[in-house]
Asker: 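My structure is below; once you've seen it, I'll send some questions.
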Protein chains: 2
Amino acid sequence: MIRLLLADDQALVRGALAAMLDLEPDLTVVAQVAAGDEVVPTARRVDPDVALLDVQMPGLDGLAAAAALHRAMPEVRIIICTTFGRPGYLSRAMAAGAAGFVVKDAPPEQLVDAVRRVHSGLRVVDPALAAESLATGPSPLTAREHEVLVAAATGRSVAELAGTLHLSEGTIRNHLSSAIGKTGARTSAAAARIAEERGWL
Amino acid sequence: MIRLLLADDQALVRGALAAMLDLEPDLTVVAQVAAGDEVVPTARRVDPDVALLDVQMPGLDGLAAAAALHRAMPEVRIIICTTFGRPGYLSRAMAAGAAGFVVKDAPPEQLVDAVRRVHSGLRVVDPALAAESLATGPSPLTAREHEVLVAAATGRSVAELAGTLHLSEGTIRNHLSSAIGKTGARTSAAAARIAEERGWL
DNA sequence: CGCAAAGCATGACAGGTGTCATGCGCGGGA
DNA sequence: TCCCGCGCATGACACCTGTCATGCTTTGCG
């Protein structure tokens, strides 16, 4: 019997996944959580074989939760399960110690299959996504550019960013300009959008 | 036995919901589709009692599919089921003839309950969301402002918008300026973001 | 050590953006 | 019928943004 921990902030989706996985004779869902920071404490309590983590979650996101769980309980096999097949997510998931990566577009059997494979020690990754991830490469953004771009993503002005990040306006503009060049965008708003799509934020 | 049609572009979520709903003794999922334009043809074939439609779908979106289905088969009860509880979605869903509106944050029992209530002729709406919807009001954007804002959402420049929409740059700027005023934003990018969040796009 | 890369800053400049005043034509409601 | 609201357009203006050149530090690698 493979013991599963489910983490997803959407109760409906989480419950539905649990119902589906519980139908399999060799799987059993032993815990469900709605936030990233509940993953490690709950895992310690129930000692699952496999943890299925969504990326979008309040508190700690799925990738950070995966890293924390892998550090705390390396024997737990981790699958990242996400809506968006963004290239950056995959590489970050692998870096965080995940053993599998499944997008929510995939057919249900694929998830069940992934759980079994991962439990038996294999790694499971969508080949198409892996290729795209390698083609796009890792995020070329420096720490500062990342920080500035995240703050700019909500549409704030340069002056506001300078205030909240305690940098001069000129510096903000420099970092944004650099990020614009690296994303191939023409405005900071577009740069933020593109970086977001690639999973660089 | 309540016969259900499921429409959601994410195969994993769709399959999981089907598994969960099929567990209920009085419910049965008779069809699943992945795109909005498959809803009406499939409904004609299987004649469901209730249709559960996601908003985000390729082809026709869930709201447009709801309107088409309600026109073609008024006796089918429609529930819109969406990730985002955006105020504008609710009012548009109701205008499209939907009988229920459930967000994916809700507990699983609530969806099952909604199906039964809707099937028995009731309307099901999250009270908190209804209040927010009334407070925010309908979209104040004119048709042109809407069009321009949608085109601007991807971060294109004014000159590009003028080209694709066949309007002068000055006119584009006027519409954007008006939309900026109505959303309370300070830049067109932020205006697009805010309108998006409110379900005005 | 010396050099490269990154962070930070300044100043200057071209071009894009948001606002406003103004004008014209059209269609629907009082 | 008249007038208001909307779409569309122009032109002008202030301001913001993106780019570039330049320079100074700190950090880390060969």
Side-chain angles (χ1 to χ4, degrees), chain A residues 88 91-92 95 136-201, chain B residues 88 91-92 95 136-201:
Chain A
S91 51
R92 281 198 276 160
T136 310
S139 170
L141 302 176
T142 67
R144 278 298 176 187
E145 285 160 4
H146 178 271
E147 187 182 6
V148 172
L149 211 49
V150 167
T154 48
R156 282 198 280 267
S157 71
V158 170
E160 286 169 319
L161 298 184
T164 55
L165 297 179
H166 305 293
L167 297 176
S168 83
E169 292 194 19
T171 303
I172 297 286
R173 280 207 289 270
N174 284 341
H175 287 308
L176 283 179
S177 182
S178 173
I180 286 169
K182 288 174 180 175
T183 52
R186 293 255 277 282
T187 69
S188 55
R193 224 179 41 80
I194 292 172
E196 172 83 55
E197 271 173 14
R198 296 189 184 162
W200 290 351
L201 299 189
Chain B
S91 51
R92 281 199 276 161
T136 309
S139 170
L141 302 176
T142 67
R144 278 298 175 185
E145 285 160 5
H146 178 269
E147 187 182 5
V148 172
L149 211 50
V150 167
T154 48
R156 283 198 280 267
S157 72
V158 170
E160 288 169 318
L161 298 185
T164 55
L165 297 180
H166 305 293
L167 295 176
S168 83
E169 292 194 19
T171 304
I172 297 286
R173 279 209 289 270
N174 283 342
H175 287 307
L176 284 179
S177 182
S178 173
I180 287 169
K182 287 175 180 176
T183 51
R186 293 257 275 283
T187 69
S188 55
R193 224 180 43 77
I194 292 172
E196 173 83 55
E197 271 173 14
R198 296 192 184 160
W200 290 351
L201 299 189

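Below, chains carry the letters A, B, ... as their sequence lines are ordered, and counting in each starts from 1. Computation of the quantities below employed the complete heavy-atom set of this structure, encompassing side-chain atoms and omitting hydrogens, waters and symmetry-equivalent molecules.
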Asker: Taking only Lys NZ, Arg NE, NH1 and NH2, and the carboxylate oxygens of Asp or Glu, determine whether A:Glu196 and A:Arg193 approach each other closer than 4.0 Å.
Answerer: no
Asker: Send over the distance from B:Leu141 CG to D:dC6 P, rounded to a whole Å.
Answerer: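 Rounding to the nearest Å, CG of B:Leu141 and P of D:dC6 are 12 Å apart.
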Asker: Can you check the A:Ile172 CD1 to D:dG18 C1' distance for me, whole Å?
Answerer: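 After rounding, the gap between these two atoms is 14 Å.
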Asker: Between atom NZ of A:Lys182 and atom OG1 of A:Thr142, what is the distance when rounded to the nearest 0.5 Å?
Answerer: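 Between atom NZ of A:Lys182 and atom OG1 of A:Thr142 there are 5.0 Å.
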Asker: Quick check for you: to the nearest 0.5 Å, what is the distance between A:Trp200 atom CH2 and A:Thr183 atom OG1?
Answerer: 7.0 Å
Asker: How long is the straight-line distance from CD1 of B:Ile194 back to CZ of B:Arg186, given to the nearest 0.5 Å?
Answerer: 11.0 Å
Asker: If you measure from NE2 on A:His175 to CG on A:Leu161, what distance do you get to the nearest 0.5 Å?
Answerer: 11.5 Å
Asker: For nucleotides 4-7 of chain C, list the nitrogen or oxygen atoms of the protein found under 3.5 Å from its nitrogen or oxygen atoms, one pair per line.
Answerer:
{"residue": "C:dG7", "atom": "OP1", "partner": "A:Thr142", "partner atom": "OG1", "Å": "3.1"}
{"residue": "C:dG7", "atom": "OP1", "partner": "A:Arg144", "partner atom": "N", "Å": "3.4"}
{"residue": "C:dG7", "atom": "OP2", "partner": "A:Thr142", "partner atom": "OG1", "Å": "3.2"}
{"residue": "C:dG7", "atom": "O3'", "partner": "A:Arg144", "partner atom": "NE", "Å": "3.4"}

Asker: C:dT17 P sits how many Å from B:Glu169 CD, rounded?
Answerer: 8 Å
Asker: To the nearest angstrom, how far is B:His146 atom NE2 from D:dG7 atom C1'?
Answerer: 17 Å
Asker: Any chance you could measure A:Asn174, atom CG, to A:Ser168, atom OG, to the nearest 0.5 Å?
Answerer: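 Between atom CG of A:Asn174 and atom OG of A:Ser168 there are 7.5 Å.
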Asker: What is the distance from atom OG of A:Ser178 to atom CG of A:Leu141, rounded to the nearest 0.5 Å?
Answerer: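 The distance works out to 7.5 Å.
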Asker: State whether the side chain of A:Arg156 and the backbone N or O of A:Thr164 hold a donor-acceptor pair below 3.5 Å, judged by distance alone.
Answerer: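 Pair absent, no side-chain N/O of A:Arg156 close to backbone of A:Thr164.
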Asker: Could you write nucleotides 18-30 of chain C as a row of B, S and -, 5' to 3', where a protein heavy atom under 4.0 Å of any base atom gives B, of only sugar-phosphate atoms gives S, and otherwise -?
Answerer: BBB----------
